[in-house]
Chemist: 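One structure, as structure tokens, below. Some questions next.
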There are 2 protein chains.
Amino acid sequence: MDVAVAGDTHGAYALGKLTAVVLDALAEGATVRGGPLPGGGPGAVAERLRAACAPVLPEHGTGAEEALRTVVRAVAEGAADPADPWCAAHLHCPPLAVAAAADLAAAALNPSMDSWDQAPAAAVLEQEVTAALAALVYPREASPDALITSGGTESNLVALLLARERARAAGAPAVRVVCGANAHHSVRRAAWMLDLPAPVTVECPGGRLGPAAVERALTELGPGAGPVLVVATAGTTDEGLIDPLPELARVAARHGAELHVDAAYGGPLLFSDRLAPLLDGLDSAVSVTFDLHKLGWQPVAAGVLAVSRTELLAPLALRADYLNADDDEEAGLPDLLGRSIRTTRRPDVLKVAATLRALGRTGLGALVEHCVATAREFAALVDAHPALRRHPGEPGISTVLFRPVAADSAPPAEGDALVAEVRRRLLAEGRAVVGRAVAEDAGGTRRLWLKATLLHPRATADDLAGLLGLTAEAAGAVAAAGAAGVAGASGAEAAARTPHVPEPEGP
Amino acid sequence: MDVAVAGDTHGAYALGKLTAVVLDALAEGATVRGGPLPGGGPGAVAERLRAACAPVLPEHGTGAEEALRTVVRAVAEGAADPADPWCAAHLHCPPLAVAAAADLAAAALNPSMDSWDQAPAAAVLEQEVTAALAALVYPREASPDALITSGGTESNLVALLLARERARAAGAPAVRVVCGANAHHSVRRAAWMLDLPAPVTVECPGGRLGPAAVERALTELGPGAGPVLVVATAGTTDEGLIDPLPELARVAARHGAELHVDAAYGGPLLFSDRLAPLLDGLDSAVSVTFDLHKLGWQPVAAGVLAVSRTELLAPLALRADYLNADDDEEAGLPDLLGRSIRTTRRPDVLKVAATLRALGRTGLGALVEHCVATAREFAALVDAHPALRRHPGEPGISTVLFRPVAADSAPPAEGDALVAEVRRRLLAEGRAVVGRAVAEDAGGTRRLWLKATLLHPRATADDLAGLLGLTAEAAGAVAAAGAAGVAGASGAEAAARTPHVPEPEGP
């Protein structure tokens with residue numbers, strides 16, 4: 001039976017044999033797929049995966065090599081691969097090989113970051129890397145700090161938890177969260193989980209959180225409302241826009257409110273000397289969400305929550321005798337337990353450290369600049385395309401919204417249905433992965449747009465040009481089959497599927 | 001600059017070159033370490049790591065190969081390696097090579113489990129594997145379900161969240177949690193995060209949650225208290241004990257309370273026909289926490305939360321237009337967003353699927369049986385050792401508590417201080433990683449014990465015998481230097497470090 005373990009001096013040998021199988025299976029799966037995602041749509045993909053992998057819990061095993069060949073090949077064949085430039089829907093980056101390779105070491109060594117005696121060196125590496133990232137966000141603070149999280153959702157959750165506990169410690173009423181309609185859904189979800197009052201949601205015409213609107217919301221709440229946390233976004237999910245941080249910081253300060261910035265997308269602009277000024281005002285925030293699995297090219301997960309002063313993390317302190325007994329701590333064993341809301345925790349910092357060292361700050365900055373520049377070039381290609389129309393706003397960090405002009409000639413709901421159907425058609429055919437976003441058109445109408453989120457560190461506008469032709473072609477086919485699209489994998493019922501264009505939430 | 005990405009048809013080639021560097025660095029690091037953990041204690045380990053890896057965010061990069069060589073070697077050299085049989089402190093397993101290799105594919109492909117168009121095949125694999133695990137826990141239910149989590153802490157958090165929301169949906173007062181003093185700290189932490197009343201904590205003489213004590217607690221709460229969730233444990237952290245599940249289920253049912261079982265440690269007993277009966281009553285629980293990164297030999301993270309009926313997961317439902325728009329779902333794109341409290345989420349299921357296929361249910365069951373049997377043999381070795389005394393209770397699942405007899409001849413506080421110092425001495429010398437646990441001695445006195453948690457799938461009692469001699473030798477040295485130990489890395493202040501032996505929390 002295959003019970004080779006990955007660690008120790010022999011583990012690397014056992015692991016070497018098996019990683020060779022995995023690398024072959026990855027290459028084979030990608031070749032069979034032959035594009036950015038598998039063709040045939042959800043039903044066909046599910047059928048192929050099930051046929052290859054059933055039963056998933058057999059009575060008797062097939063051995064490590066067979067299992068890896070089968071499972072890895074099936075998942076690779078059925079992957080939406082962001083390493084393909086035409087896989088550009090989400091904040092879903094192609095991971096750098098250096099980061100993926102380093103992650104193998106994390107899996108093999110399996111340190112757990114909740115006590116020193118499970119992660120003696122990895123814990124120190126985390127301390128060093130989080131200190132460096134905290135200093136990047138807060139260059140003028142004496143004792144900034146940062147935690148490694150599973151992503152922006154956990155970072156925002158912890159930011160709100162810390163705010164809740166600050167309010168409690170001060171004997172104040174529950175903290176009120178004020179955020180934009182453009183904030184990530186995880187802000188509202190965090191308030192729900194933490195049992196805080198639902199956030200006051202401020203409308204965001206133009207996609208950005210306006211200081212005047214926040215001012216009005218804060219004034220309405222009044223001083224009796226108790227502590228307030230204003231949540232701004234640096235890199236919105238739909239449009240990649242950065243809220244006006246310096247103005248928001250001033251408004252918040254004037255009302256005695258604190259500011260949290262969700263820079264899950266935009267944070268890595270700090271690596272670039274040229275782009276960092278876009279985040280001016282960031283260090284006015286009490287806490288900053290910051291992902292390295294978006295711009296940062298890490299495999300998921302590589303989340304960060306930075307805070308301006310290390311004492312702000314005090315509410316996470318926790319004592320569990322088996323992990324951080326008082327006498328062990330007095331004797332010099334570091335207490336790691338208060339660095340997360342998780343207990344057992346994988347060393348996501350290892351791949352981050354390998355990447356920072358391999359590329360350096362300027363190297364990462366150059367990749368961020370590449371994505372930002374490519375988005376501008378891609379926007380120009382859209383502008384030049386006769387069958388496509390770009391969203392009237394400027395492109396976001398590396399996000400470009402556009403739609404087929406055919407969608408504009410239809411009545412609004414049908415036009416939006418066409419946009420949605422074009423996206424689904426490209427997905428079902430396995431030809432491209434583009435996203436969808438609702439955003440205001442000129443004149444303020446909310447419409448559905450196709451979204452390209454450009455995170456590929458090497459892909460150029462030339463690589464992406466064909467995506468526009470493909471989109472236009474798909475739009476033509478969908479339009480020809482009827483404005484709401486009987487074409488595509490999903491057949492005639494398509495006409496019934498009017499996209500839901502959410503209204504902005506009122507305060 | 002090294003901007004090779006890990007995916008696509010070329011990624012496997014770039015990744016192959018770099019994984020070779022990683023495997024060499026892992027082997028080198030393990031050789032230099034030459035034992036279960038690095039010697040010298042926390043200060044020396046930190047100094048070596050910092051010297052090797054500074055600066056962690058250089059201005060200019062050193063390239064992928066140099067970075068991997070340096071960072072991986074330093075972390076491997078400074079690892080506490082559970083592949084060494086003498087690294088046996090925690091529920092910290094040596095990962096199987098098959099699982100670590102599969103995890104490389106997860107990093108390279110980087111699917112994100114929050115939408116179909118980021119994880120077409122991986123999402124289906126997760127569906128199949130969670131269905132199989134849910135059926136293992138709930139063989140008699142028609143529609144059991146399970147989520148993949150980051151570990152027991154997240155599983156317990158979600159279990160309490162679901163209970164909170166069930167109470168709310170019924171218009172009932174806040175759910176009250178009743179748990180044992182033996183419950184994992186994450187239960188109390190979850191109640192805190194979710195802003196629930198602090199759990200009613202029931203004393204656990206003997207280490208197990210007693211049905212009579214729970215009965216009393218439920219009676220005291222009375223029917224006016226509203227909904228109650230009783231939390232039992234199958235595999236306590238300190239002693240590896242299983243609470244009497246059938247009796248607890250009956251008590252809970254009699255009072256109209258629900259039962260959640262934290263089987264993070266014990267859940268995998270289900271893989272073994274011979275051991276599964278130890279978990280009789282488990283399927284009376286409304287939800288079950290179940291980790292595969294303990295007994296299950298996965299690299300962290302591989303957590304599971306099983307629920308008896310899929311509708312119980314409804315409170316996690318969430319709509320975010322960019323990920324699961326209504327019209328996309330109507331058109332057949334699966335909605336994955338309600339399967340987690342995270343958004344972006346790595347496919348931890350991939351390594352689990354590869355392992356289940358490689359070993360089969362019976363193969364995993366045999367490994368679980370091996371650990372359970374080894375613990376019995378190890379306990380017998382302790383019993384036969386003249387300088388050590390075993391905890392009077394039976395061994396837990398694969399956990400054995402013991403202490404030097406030298407600690408018994410000292411006054412209680414000094415005896416406990418000696419136990420703690422023996423553990424720290426072994427850690428500082430880099431010779432062994434044993435844990436610590438507070439547990440009742442014969443007569444009911446709470447004492448500090450050394451803890452061996454045996455999770456190695458191949459290590460035998462023979463491999464572990466030397467650990468006992470080493471412990472006895474360290475105890476002799478500590479005792480000779482004064483009962484509270486001036487020996488060891490931490491010097492003369494040791495005398496001041498009386499271990500904190502927590503009192504059981506009252507209700």
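Scope of the values below: all heavy atoms of this structure, side chains included, with no hydrogens, waters or symmetry mates. Every chain is numbered from 1, with letters handed out A, B, ... down the list of sequences.
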Chemist: Using non-hydrogen atoms only, which part of A:Pro82 is less than 4.5 Å away from chain B: side chain, backbone, both, or neither?
Modeler: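 Only the side chain of A:Pro82 comes within 4.5 Å of chain B.
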
Chemist: I need the residue from B:Pro299, B:Gly360, B:Pro42, B:Gly78 with the largest number of non-hydrogen atom pairs under 4.5 Å to chain A.
Modeler: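 Winner by heavy-atom pair count: B:Pro42.
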
Chemist: Could you have a look at A:Gly152, A:Ala30, A:Ala107 and say which one has the most heavy-atom pairs with chain B under 4.5 angstrom?
Modeler: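 Option with the top pair count is A:Ala107.
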
Chemist: Between B:Lys351 (side chain only) and B:Ala101 (backbone N and O only), is there a donor and an acceptor less than 3.5 Å apart?
Modeler: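 A pair under 3.5 Å: no.
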
Chemist: Please confirm whether the backbone N or O of B:Ala420 pairs with a side-chain atom of A:Asp327, one donor and one acceptor, at under 3.5 Å?
Modeler: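 Pair absent, no side-chain N/O of A:Asp327 close to backbone of B:Ala420.
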
Chemist: Measure distances from B:His184 to the heavy atoms of chain A and classify the residue's part below 4.5 Å as side chain, backbone, both or neither.
Modeler: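 Contact with chain A involves the side chain of B:His184 alone.
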
Chemist: What residue in A:Ala6, A:Ala97, A:Ala106, A:Ala122 has the most heavy-atom pairs under 4.5 Å with chain B?
Modeler: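 Between A:Ala6, A:Ala97, A:Ala106, A:Ala122, the count favours A:Ala97.
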
Chemist: Heavy-atom pairs under 4.5 Å with chain B: which of A:Asp84, A:Leu323, A:Thr31, A:Leu68 has the most?
Modeler: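 The candidate making the most pairs under 4.5 Å is A:Leu68.
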
Chemist: Tell me, for A:His10 versus chain B, whether the close heavy atoms (under 4.5 Å) come from the side chain, the backbone, both or neither.
Modeler: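 Neither part; nothing is under 4.5 Å.
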
Chemist: Taking B:Thr153, B:Leu427, B:Val433 one by one, which has the highest count of heavy-atom pairs under 4.5 Å against chain A?
Modeler: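 Heavy-atom pairs under 4.5 Å are most numerous for B:Thr153.
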
Chemist: What part of B:Leu196 gets closer than 4.5 Å to chain A, counting heavy atoms only: side chain, backbone, both or neither?
Modeler: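 For B:Leu196, no heavy atom lies under 4.5 Å from chain A.
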
Chemist: Could you tell me whether the side chain of A:Asp321 and the main chain of B:Ala437 form a donor-acceptor pair under 3.5 Å?
Modeler: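 Judged by distance alone, no pair lies under 3.5 Å.
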
Chemist: Taking side chain as everything from C-beta outward and backbone as N, CA, C, O, which of these in A:Glu154 sits under 4.5 Å from a heavy atom of chain B? Side chain, backbone, both or neither.
Modeler: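 Neither the backbone nor the side chain of A:Glu154 comes within 4.5 Å of chain B.
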
Chemist: I'd like to check A:Arg50 versus B:Glu128 (side-chain heavy atoms, cut-off strictly below 4.5 Å). Are they in contact?
Modeler: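 When only atoms from C-beta onward are counted, B:Glu128 and A:Arg50 do touch, with a gap below 4.5 Å.
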
Chemist: Do B:Val98 and B:Trp297 come within less than 4.5 Å of each other through their side chains, counting heavy atoms only?
Modeler: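 Contact flag for B:Val98/B:Trp297 side chains = no.
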
Chemist: Report the option among A:Arg357, A:Arg361, A:Glu66 that has the most heavy-atom pairs separated by less than 4.5 Å from atoms of chain B.
Modeler: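 Sorted descending by pairs with chain B, the first entry is A:Arg357.
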
Chemist: Please output the side-chain donor-acceptor pairs of residues 17-26 of chain B that fall under 3.5 Å, not counting sequence neighbours, one pair per line with the distance.
Modeler:
from: B:Thr19; atom 1: OG1; to: B:Leu15; atom 2: O; distance (Å): 3.1
from: B:Thr19; atom 1: OG1; to: B:Gly16; atom 2: O; distance (Å): 3.1

Chemist: Please classify the contact between B:Leu161 and chain A as side chain, backbone, both or neither, with a heavy-atom cut-off of under 4.5 Å.
Modeler: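 For B:Leu161, the contact with chain A is made by the side chain alone.
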
Chemist: Name the member of A:Leu91, A:Leu136, A:Leu318 that forms the most heavy-atom pairs with chain B at distances under 4.5 Å.
Modeler: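 Looking at each option in turn, the highest pair count goes to A:Leu318.
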
Chemist: If you tally heavy-atom pairs under 4.5 Å against chain A, which of B:Asp291, B:Leu37, B:Leu157, B:Leu194 wins?
Modeler: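 Maximum pair count with chain A is reached by B:Leu194.
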
Chemist: Listed by chain and number, what are the side chain to side chain donor-acceptor pair (under 3.5 Å) partners of A:Glu77, not counting sequence neighbours?
Modeler: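 Residues passing side chain to side chain donor-acceptor pair (under 3.5 Å) with A:Glu77: none at all.
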
Chemist: Tell me, side chain or backbone of B:Thr343 under 4.5 Å from chain A's heavy atoms, or both, or neither?
Modeler: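 Answer is both: backbone and side chain atoms of B:Thr343 are under 4.5 Å from chain A.
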
Chemist: If you count heavy-atom pairs within less than 4.5 Å of chain A, which of B:Thr70, B:Asp81, B:Asp117 leads?
Modeler: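 With the most close heavy-atom pairs to chain A, the winner is B:Asp117.
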
Chemist: When only pairs under 4.5 Å are counted, which of B:His293, B:His456, B:Arg189 shares the most heavy-atom pairs with chain A?
Modeler: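 Highest number of heavy-atom pairs under 4.5 Å: B:Arg189.
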
Chemist: With distance as the sole criterion, is a donor-acceptor pair present between the side chains of B:Arg345 and B:Gln118 under 3.5 Å?
Modeler: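 Note: B:Arg345 and B:Gln118 side chains miss the donor-acceptor criterion.
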
Chemist: Within the side chain of A:His92, is there an N or O that forms a donor-acceptor pair under 3.5 Å with the backbone of B:Thr344?
Modeler: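 Looks like no, no N/O pair under 3.5 Å.
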
Chemist: Please check this pair: side chain of B:Lys451 against backbone of B:Val438, looking for a donor-acceptor N/O pair closer than 3.5 Å.
Modeler: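 Checking the backbone N and O of B:Val438 against the side chain of B:Lys451, no donor-acceptor pair under 3.5 Å is found.
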
Chemist: Taking the basic N atoms (NZ, or NE/NH1/NH2) and the acidic carboxylate oxygens, is any pair closer than 4.0 Å for A:Arg346 and A:Asp103?
Modeler: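 Yes, this pair counts.
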
Chemist: Could you look at B:Ala54 and say if it's the side chain, the backbone, both or neither that has a heavy atom under 4.5 Å from chain A?
Modeler: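 The backbone, not the side chain.
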
Chemist: Which atoms of A:Thr355 are under 4.5 Å from chain B, going by heavy atoms: the side chain, the backbone, both sets, or neither?
Modeler: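 Neither part.
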
Chemist: Pick one of side chain, backbone, both or neither for A:Pro457, based on which atoms fall under 4.5 Å of a heavy atom in chain B.
Modeler: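 The side chain, not the backbone.
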
Chemist: Before accepting this row, confirm whether a basic side-chain N of the pair B:Arg436/B:Asp238 lies closer than 4.0 Å to the acidic partner's carboxylate O.
Modeler: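 Salt bridge absent between B:Arg436 and B:Asp238.
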
Chemist: Give, as side chain, backbone, both or neither, the part of B:Arg342 having an atom under 4.5 angstrom from any heavy atom of chain A.
Modeler: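 For B:Arg342, backbone and side chain are both near chain A.
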
Chemist: State, without any angle test, whether B:His60 and A:Thr362 hold a side-chain donor-acceptor pair at a distance under 3.5 Å.
Modeler: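 Yes, because at least one side-chain N or O of B:His60 sits under 3.5 Å from a partner of the opposite role on A:Thr362.
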
Chemist: Return the option, out of B:Ala83, B:Ala27, B:Pro95, with the maximum number of heavy-atom pairs under 4.5 Å with chain A.
Modeler: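 Option with the top pair count is B:Pro95.
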
Chemist: Identify whether the distance between the nearest side-chain nitrogen and carboxylate oxygen of A:Arg164 and A:Asp195 falls below 4.0 Å.
Modeler: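 Salt bridge: no.
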
Chemist: What part of B:Val75 lies closer than 4.5 angstrom to a heavy atom of chain A: side chain, backbone, both or neither?
Modeler: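 Looking at B:Val75, backbone and side chain both touch chain A.
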
Chemist: Under 4.5 Å, counting heavy-atom pairs only, tell me which of A:Ala76, A:Ala80, A:Ala67, A:Pro120 racks up the most with chain B.
Modeler: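 Greatest number of close heavy-atom pairs with chain B: A:Pro120.
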
Chemist: Taking side chain as C-beta onward, heavy atoms only, is A:His185 less than 4.5 Å from A:Thr237?
Modeler: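 Not touching, per the 4.5 Å side-chain cut-off.
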
Chemist: Identify which part of A:Lys294 has an atom lying under 4.5 Å from any heavy atom of chain B, answering side chain, backbone, both or neither.
Modeler: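 The side chain, not the backbone.
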
Chemist: Taking side chain as everything from C-beta outward and backbone as N, CA, C, O, which of these in B:Leu49 sits under 4.5 Å from a heavy atom of chain A? Side chain, backbone, both or neither.
Modeler: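 For B:Leu49, side-chain heavy atoms alone lie under 4.5 Å from chain A.
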
